[in-house]
Amino acid sequence: MLQRASLSLEENARRIRADILSSIYHAQTGHAGSSLSIVEILTYLYSVVLKYDPQNPAWCDRDWLVFSKGHGAPALYAVLAAAGFFDASELMTLRQLGTRLQGHPKAGLLPGIDVSTGSLGQGLSIAVGLALGFRHRSRHNRVFCILGDGEMQEGQNWEAMMAATSLRLNPLIAIVDRNGLQNDGQTEEIIRLGDLVEKAQAFGWYAESCDGHNFESITSAFNRALTADRPAFLVANTVKGKGVSFMEGVVHWHHHPINEEQYAQAMAELVKVHD
Amino acid sequence: MTKLKATRDAYGQALLDLAAQQNDLVVLDADLSRSTRTDWFQKKYPQRFFNIGIAEQNLVGIATGLALTGLLPFATTYAIFIGRAFDQIRQAVGFQRANVKIVATHAGLAASHDGGSHQGTEDVALMRAIPGMTILSPCDYNSAYQAVFAAAKHQGPLYLRLQKEPTPVITGKEEFEIGRCYLLRGGSDVALVAHGTLVAEALQAAERLERAGLSAAVVDARTIKPLDTETLLHATRHVQRIVTIEEHNITGGLRDAVAAALRLNPPVRVEGIGLEDTFGESGNWAELRAKFGLDASGIASYVLQRFGIPLQKAASVLNRS
């Protein structure tokens, strides 16, 4: 669970959003839109679902997360800080020379990062290998994988989907951050993804969609996914840039430095008086 | 008559023998197990074998996941398909320093009748460019067998390049020392530096050259990366020419590796025999190698030409085996 467990999930999510913006503003580089859309999912995973120990990041019984949409790293780092893996002050070193918070997650540097990612479309295969390996070794570690929706354009994902079904892997849960946008525009205008739930079902997975910013919706989806008898695919419908009015749904905010005025406005929207 | 055995068969046998002492060993293939000999392992240890189907990128990703759980995966395909999974080898295996062993059979022109689309002649160049990747290319059955055990002991990303056809057995049963090249034959006029099954051709070429009056050293570059500069310098300290020989494109492979290793202390220029910026084509392996000058006769001709020894004079020498 997160360190500020007495706070609500919504409150934790809000603070994580503020940390994301601060780190990206300070770095003057980073994927704000992609990081903001996945906040509730990550908050939920690290508050309620994942088995982990920030004092012992290598705990052999921990659950594993493959953060395949690696460019959303600012969100992952903010949540790991909130979970106690390292001090939140280190978030200000994002993307700078010598940092443990590399532009895309790098295993072996920062506690809490188990798998290096960044080249889209590769994470799900690694997640399949992890699930397969744990089963082979008769271990009970669960495997989770967070993907971008644009990322689903990469064919390797579908190789992994077929393999997971063929190998009857379970538990293996993939969550797609369906924010509808990619670097160059809307996913449905570039290469249409269509109904990802149907596609995943056709590949033999349990699949459903949920509101990726509503904890009730997320909770019931995860409850079903975690008890499915096959690999589970959750499509989290989200808004890119969620939480900052001028970023929501705007392609520009895939990757762009935030200026002082924009930062001030964003933080005013996020930071509450009694903080 | 020297016995002829295939290095892919050595791989198949070594996996079987390794399995008993290495509990964490698992083997993967991408629908080529009946050619790569991983089917031998599959038959005896079906629970430890995973056929990922025609999906090399997924093969490498899954192998990475397996390695992260503490298993020792050997992921197998043809040398030509290494390119298919290059980003995965670079990112999932190399960048992360995952303990994955990537094994490729049918290296070079071996796919023969299948033609250029199946002949893996750029794989060494690709693997060399990945930081931290160890590259092994054993010269015969015995060396390949030992290389599998050495690979299993080695921690980190490793690429093992093997052959399809039976070739002469020229080494004994000594352990495979990663990182070392071997001077198989001393010589003072020219040094032939080869890897894989062309080492046997280089040895035969050296004998022909001797009859033509040239003293040829032969170096077995069985570890291409990291390259044993010390042995190379020692083996080439007297020669007038260094000639690398590889069943691979002349770009990015052994020739470039040797030239790079010797660049600060170049005894002489490094030249090489390989595919000259061309793809392969259909044919049988022997005639393909002959076409590209990659057999004993071709190697000897090349060297004699470079030394200005008229070929007519040497014809009788070249034509005798």
Side-chain angles (χ1 to χ4, degrees), chain A residues 58 60-66 68 70 102-109 113-145 147 154-169 172 203, chain B residues 19 22-31 41 45-75 77 81 84-102 130-132 155-157:
Chain A
C60 63
D61 289 332
R62 71 188 184 287
D63 290 330
W64 283 57
L65 172 66
V66 181
S68 193
Q102 295 282 300
H104 292 72
K106 187 157 197 234
L109 273 186
I113 307 280
D114 283 325
V115 184
S116 298
T117 55
S119 185
L120 296 175
Q122 296 201 23
L124 195 57
S125 293
I126 298 177
V128 166
L130 287 168
L132 183 63
F134 288 132
R135 181 173 75 189
H136 185 79
R137 302 188 62 193
S138 303
R139 301 198 56 84
H140 301 292
N141 314 67
R142 298 177 302 179
V143 182
F144 298 79
C145 184
L147 302 123
E154 284 282 0
Q156 189 187 344
N157 289 306
W158 302 96
E159 294 177 17
M161 299 281 286
M162 280 193 284
T165 296
S166 189
L167 293 163
R168 298 185 205 281
L169 293 174
L172 172 62
F203 275 69
Chain B
Q22 190 98 36
N23 288 328
D24 52 2
L25 173 69
V26 288
V27 176
L28 300 95
D29 208 296
D31 195 47
F41 184 90
Y45 299 98
Q47 304 305 315
R48 296 164 72 175
F49 175 82
F50 307 106
N51 200 328
I52 307 304
I54 312 172
E56 292 75 15
Q57 300 181 7
N58 200 27
L59 170 80
V60 173
I62 289 178
T64 300
L66 291 169
L68 291 174
T69 68
L71 292 167
L72 176 64
F74 277 69
T77 182
F81 301 127
R84 193 70 176 253
F86 176 74
D87 194 45
Q88 288 71 16
I89 297 171
R90 190 261 188 208
Q91 305 274 30
V93 180
F95 188 61
Q96 193 155 220
R97 298 204 172 258
N99 195 33
V100 174
K101 316 301 158 186
I102 296 155
I130 298 177
Q155 277 301 305

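Model, not experiment: these values are computed from the prediction. Chain identifiers are assigned alphabetically (A, B, ...) following the order of the sequence lines, protein sequences preceding nucleic acid strands; residue numbering begins at 1 within each chain.
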**Request:** Name the region of B:Val60, side chain, backbone, both or neither, that has any atom closer than 4.5 Å to a heavy atom of chain A.
**Result:** neither

**Item:** Interchain contact, A:Val66 with chain B, by part (heavy-atom threshold 4.5 Å)
**Value:** neither

**Prompt:** Does B:Asn58 offer a backbone N or O that forms a donor-acceptor pair with the side chain of A:Glu159 under 3.5 Å?
**Reply:** yes

**Message:** I'd like to verify something: which residue of A:Ser125, A:Gly155, A:Ala163 has the highest number of heavy-atom pairs under 4.5 Å with chain B?
**Reply:** A:Ser125

**Request:** Mind checking the CG-CG spacing from A:Asp114 to B:Leu68? Nearest 0.5 Å is all I need.
**Result:** 8.0 Å

Output a table of donor-acceptor pairs, distance under 3.5 Å, between side-chain atoms of residues 91-98 of chain B and any protein atom two or more places apart or on a different chain; print 'none' if there are none.
{"from": "B:Gln91", "atom 1": "NE2", "to": "B:Asp87", "atom 2": "OD1", "distance (Å)": "3.4"}
{"from": "B:Gln96", "atom 1": "OE1", "to": "A:Ser116", "atom 2": "N", "distance (Å)": "2.5"}
{"from": "B:Gln96", "atom 1": "NE2", "to": "B:Ala92", "atom 2": "O", "distance (Å)": "3.0"}

**Request:** Take B:Thr69 and A:Arg139 through the side-chain contact (heavy atoms from CB on, under 4.5 Å) test and state the conclusion after the steps.
**Result:** CA-CA 10 Å; B:Thr69 68; A:Arg139 301 198 56 84; over 6 Å; no

**Pick from B:Leu71, B:Ile62, B:Leu28 with the largest number of heavy-atom pairs that fall under 4.5 Å of chain A** = B:Ile62

**Asked** Which bit of B:Arg48 is near chain A, if near means a heavy-atom gap under 4.5 Å: side chain, backbone, both or neither?
**Response** both

**Item:** Engaged part of A:Ala160 at the chain B interface, taking heavy atoms whose separation is under 4.5 Å
**Value:** both

**Fill in**
Across all chains, not counting sequence neighbours, the ring pair (Phe, Tyr, Trp, His ring centres under 6.0 Å) partners of A:Phe144 are none

**B:Ile54 atom CD1, neighbour heavy-atom count above 12 within 6.0 Å** = no

**Message:** Is it true that, when you exclude A:Arg168 itself, more than 12 heavy atoms of the residues, nucleotides or ligands shown sit nearer than 6.0 Å to its CZ?
**Reply:** no

